[in-house]
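These numbers come from a predicted model, not from an experiment. Basis for what follows: all heavy atoms, side chains included, without hydrogens, waters or symmetry-related copies. Numbering starts at 1 and runs along the sequence shown.
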Amino acid sequence: MSEHTASIGLETKSFDADVLQPSVGNQGVDIRKLRPETGYVTFDPGFANTAMARSSITYIDGAAGQLLYRGYDIEAVAAGASFLEVAYLLLYGKLPNITELASWEADVSSHTMLNEEMRSFFDAFPRRAHPMAVLASATYAISTFYDVYRRPTRIQEIDAGARTLIAKMPTIAAWAYKKSIGEPYMYPNNEYSYVENFLHMMFSRPTEITPIDPAIVKALNVLLILHADHEMNCSTATVRSVGSSRANMFASVAAGMGALWGPLHGGANSAVIEMLQAIHDDPDATIESTLERAKDKDDDFKLMGFGHRVYTNYDPRAKAISTFAQEMLDRMDASDPLLDIARELEAAALEDDYFVERKLFPNVDFYSGIIFRALGFPERMFTVLFSIGRLPGWIAHWMEMNRDPDTRIMRPRQIYVGECARPYVPLEDR
Ligand code: CMC
């Protein structure tokens, strides 16, 4: 029995539960014995009130708009670290020292190449294939080269899986893009850093090497860091859920990509651009009409890039990206009419009672598409970029879940509201 308990009064009995203490944040009522002892289950669609695990990876204070990776504030991390450094931090729980970082970078860098047989896999997709579909399929496909059909149990195997996925994901992403535009695949060049290599494979051609702009490298590095983890979001919960059946890391991560692709999650970054573009192009889609549609309960349209399950304040990632988008455009001496529309839309929403009362603020996806565009990425690649960023987070959660003695196969209960037992009716009698 912990020193804190909660008592739940049920019709004929009461249930005493331990209260689990966090290092910071919500306390948790431990209801593991609720159903065995009382026959009751809890009802929590979307698991909005349910902690799926004890985790020490990422902490969000939604009211304060604070986001910590392993205790380090996201803004400080984004300003000072490289993406691979953050990946190490998330996976292993500590900032690497100079030697550890150099060895991790060298390890990742020497595994960026795909098995040559993967080329035929990319070739087989139709050119119009969405890069997210190719990315998730290729994540499964590379697992076929490693015999990882079972969950690895040795630490070395787990580390190798993590390194393989992180090393190869930019190559897979860039090849998915090259496929979609009908250009030859570019091989990785390990002289480059992680982010440089990705840009090289995306934008160079065998006939013409595109110089890599350090400012774009810096911007993409920050963007990937800002996407690197976000505790029990939908895709991470999916990775944990699939992994809880002892499925291997590759299968779990590929499933997470499916969850990320949805427009209410990582797919929101391209949905935001579609929404802003419609306001720009379609005289009937004004700022006012867009907000009215978002407020209309008979219309399933939502203000894309707005709202969050955890933040009831400005998403700190959105704040950083919004400033960054302007800086990038200024530096390139460019402008994007969609940025102006986004700012107007944000200002109008933040003054509208509907959004104020519900504490709906811009989230990470509201401005990220604008900056991805400014960096030269097409809209269909936005969620792929999110995936590359989120990958270390997914893997860190997969690893943590596998080590956690509390982990059980994810298998929720239901409240059955269908027909009770009734006799089968033969076909001729129906
Ligand atoms: N536009 C209009 N109304 C909204 C929006 C929105 N974007 N977001 C929430 N609401 C309303 C919602 O209809 C509900 O109203 P009511 O209380 O009258 O029923 C209230 O605000 C509470 O919202 P909810 O739907 O209960 O919130 P949720 O935690 O279930 O959903 C969300 C969170 C992010 C899915 C939702 O805010 C949303 O659909 N946003 C738009 C899509 C988006 O930008 N997704 C990216 C999320 S952040 C990054 C990521 O996860 O990838």
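- Residues Phe301 and Thr290 meet the side-chain proximity criterion, which asks for heavy atoms closer than 4.5 Å.
- Thr407 places a side-chain N or O within donor-acceptor distance of the main-chain N or O of Met401, the cut-off being under 3.5 Å.
- Between Asn313 and Ala63 the shortest heavy-atom distance is ND2-O, 2.8 Å.
- A salt bridge links Arg331 with Asp213: the distance from a Lys NZ or Arg NE/NH1/NH2 to an Asp or Glu carboxylate oxygen falls below 4.0 Å.
- Atom CD of Gln156 is surrounded by more than 12 heavy atoms from other residues, nucleotides or ligands within 6.0 Å.
- The backbone N or O of Ser109 lies less than 3.5 Å from a partner atom in the side chain of Asn190, making a donor-acceptor pair.
- Note that CG of Leu20 is 5.0 Å distant from CZ of Arg54, once rounded to the nearest 0.5 Å.
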**Request:** With side-chain contact (heavy atoms from CB on, under 4.5 Å) as the test, would you mind laying out the steps for Phe145 and Leu114 before giving the verdict?
**Result:** CA-CA 10 Å; Phe145 293 91; Leu114 302 182; over 6 Å; no
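- A 4.5 Å side-chain heavy-atom check between Met232 and Arg240 finds at least one atom pair inside the cut-off.
- Atom CG of residue Leu199 and atom CD1 of residue Ile216 lie 7.0 Å apart, to the nearest 0.5 angstrom.
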**Prompt:** Step by step, would you call Asp365 with Phe386 a side-chain contact (heavy atoms from CB on, under 4.5 Å)?
**Reply:** CA-CA 9 Å; Asp365 295 311; Phe386 195 149; 3.6 Å; yes
**Request:** Any chance you could lay out the side-chain hydrogen bond (donor to acceptor under 3.5 Å, both in side chains) test for Tyr367 and Glu346, step after step, and finish with the verdict?
**Result:** CA-CA 10 Å; Tyr367 287 107; Glu346 178 193 337; 2.4 Å; yes
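- For Phe43, the CZ atom counts as loosely surrounded, since its 6.0 Å shell holds 12 or fewer non-hydrogen atoms of other residues, nucleotides or ligands.
- Between Tyr177 and Phe122, the distance separating the two ring centers is not shorter than 6.0 angstrom.
- By the 4.5 Å heavy-atom criterion applied to side chains, Leu345 and Phe366 are counted as neighbours.
- No side-chain heavy atom of Thr164 sits under 4.5 Å from any side-chain heavy atom of Met249.
- Judged by distance alone, with hydrogens and angles left aside, the side-chain atoms of Arg373 form no donor-acceptor pair with the main-chain N or O of Ile273 at under 3.5 Å.
- Counting heavy atoms from C-beta on, the side chains of Ile370 and Leu276 come closer than 4.5 Å.
- In Asp406, the CG atom is crowded: over 12 heavy atoms of neighbouring residues, nucleotides or ligands sit closer than 6.0 Å.
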**Request:** Under the side-chain hydrogen bond (donor to acceptor under 3.5 Å, both in side chains) rule, what do Trp394 and Ser252 come out as? Steps first, then yes or no, please.
**Result:** CA-CA 9 Å; Trp394 287 332; Ser252 308; over 6 Å; no
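- Ser193 contributes atom OG, which lies 12.0 Å from atom CZ of Phe83 (distance to the nearest 0.5 angstrom).
- Remark: Asp296 pairs with no residue by the salt bridge (Lys or Arg N to Asp or Glu O under 4.0 Å) rule, at least two apart or across chains.
- Sequence neighbours left out, not one pair with a member in residues 47-79 passes ring pair (Phe, Tyr, Trp, His ring centres under 6.0 Å).
- Pairing each heavy atom of Pro131 with each of Met381, the nearest pair is CB-SD, 3.7 Å.
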**Audit row: Met410, Met52, side-chain contact (heavy atoms from CB on, under 4.5 Å) steps and yes/no** = CA-CA 9 Å; Met410 214 60 71; Met52 78 188 294; 3.3 Å; yes
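- The two residues Glu196 and Ile212 come nearest to each other via the heavy atoms O-CD1, 3.5 Å.
- Listed here is the closest heavy atom pair of Met399 and Ala162: CE-CB, 4.1 Å.
- In this structure, His230 has its ring center under 6.0 Å from that of Tyr311.
- Partner of His397 under the side chain to side chain donor-acceptor pair (under 3.5 Å) criterion, out of Asn402, Thr58, Asp229: Asp229 alone.
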**Request:** Begin from the C-alpha positions of Arg343 and Ser322 and carry the test side-chain hydrogen bond (donor to acceptor under 3.5 Å, both in side chains) through to its verdict.
**Result:** CA-CA 9 Å; Arg343 294 223 189 283; Ser322 155; 3.1 Å; yes
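- Checking side-chain atoms of Thr171 against main-chain N and O of Thr112 turns up a donor-acceptor pair under 3.5 Å.
- In this structure, His265 has no ring pair (Phe, Tyr, Trp, His ring centres under 6.0 Å) partners at least two apart in sequence or on a different chain.
- Without hydrogens or angle criteria, Glu100 side chain to Asn97 main chain gives a donor-acceptor distance under 3.5 Å.
- Arg128 has its side chain out of reach of Ser180: every pair of non-hydrogen atoms, C-beta onward, lies at least 4.5 Å apart.
- By the 6.0 Å contact criterion, CD on Gln277 is enclosed, its count of non-hydrogen atoms from other residues, nucleotides or ligands being greater than 12.
- Residue-environment remark: CZ (Arg430) exceeds the threshold of 12 foreign heavy atoms within 6.0 Å.
- Although no hydrogens or angles enter the test, the distance criterion places a donor-acceptor pair under 3.5 Å between the side chain of Thr323 and the main chain of Lys319.
- Using cut-offs of 30° and 60° on the angle between ring planes, the pair Phe306 and Phe355 is perpendicular.
- Residues Lys168 and His111 form a side-chain contact, since some pair of their non-hydrogen atoms from C-beta on lies under 4.5 Å apart.
- For Ser55 and Glu231, the side-chain atoms include no donor-acceptor pair closer than 3.5 Å.
- With contacts defined as side-chain heavy-atom distances shorter than 4.5 Å, the pair His130/Arg380 qualifies.
- The backbone N or O of Met202 sits less than 3.5 Å from a side-chain atom of Lys178, completing a donor-acceptor pair.
- Side-chain contact of Thr383 with Asn269: a donor-acceptor pair under 3.5 Å is present, judged by distance alone.
- Of the inter-residue distances, the one linking Met257 atom CE with Leu135 atom CG reads 4.0 Å to the nearest 0.5 angstrom.
- How far CG of Leu291 is from OG1 of Thr286: 8.5 Å, rounded to the nearest 0.5 Å.
- Within a 6.0 Å radius of CD1 in Ile415, more than 12 heavy atoms belonging to other residues, nucleotides or ligands are found.
- Minimum interatomic distance between Ala17 and Asp30 (heavy atoms only, all atoms of both residues): CB-O, 3.4 Å.
- Taking each heavy atom of Ile142 and Thr139 in turn, the nearest pair found is CG1-O, 3.4 Å.
- Looking at Tyr40 and Glu11, their side chains do bring a donor and an acceptor atom within 3.5 Å of each other.
- Looking only at distances, a side-chain donor or acceptor of Asp44 sits under 3.5 Å from a matching main-chain atom of Thr50.
- We find the CE-CG distance between Met169 and Leu391 to be 5.0 Å, quoted to the nearest 0.5 Å.
- Between Tyr185 and Trp175, the ring planes are parallel. Angles under 30° get that label, and only those over 60° would be called perpendicular.
- Using modelled atom types, one side-chain atom of Lys179 and one backbone atom of Phe125 make a donor-acceptor pair closer than 3.5 Å.
- Ser241 places no side-chain N or O within 3.5 Å of a backbone atom of Thr238 that could act as its donor or acceptor partner.
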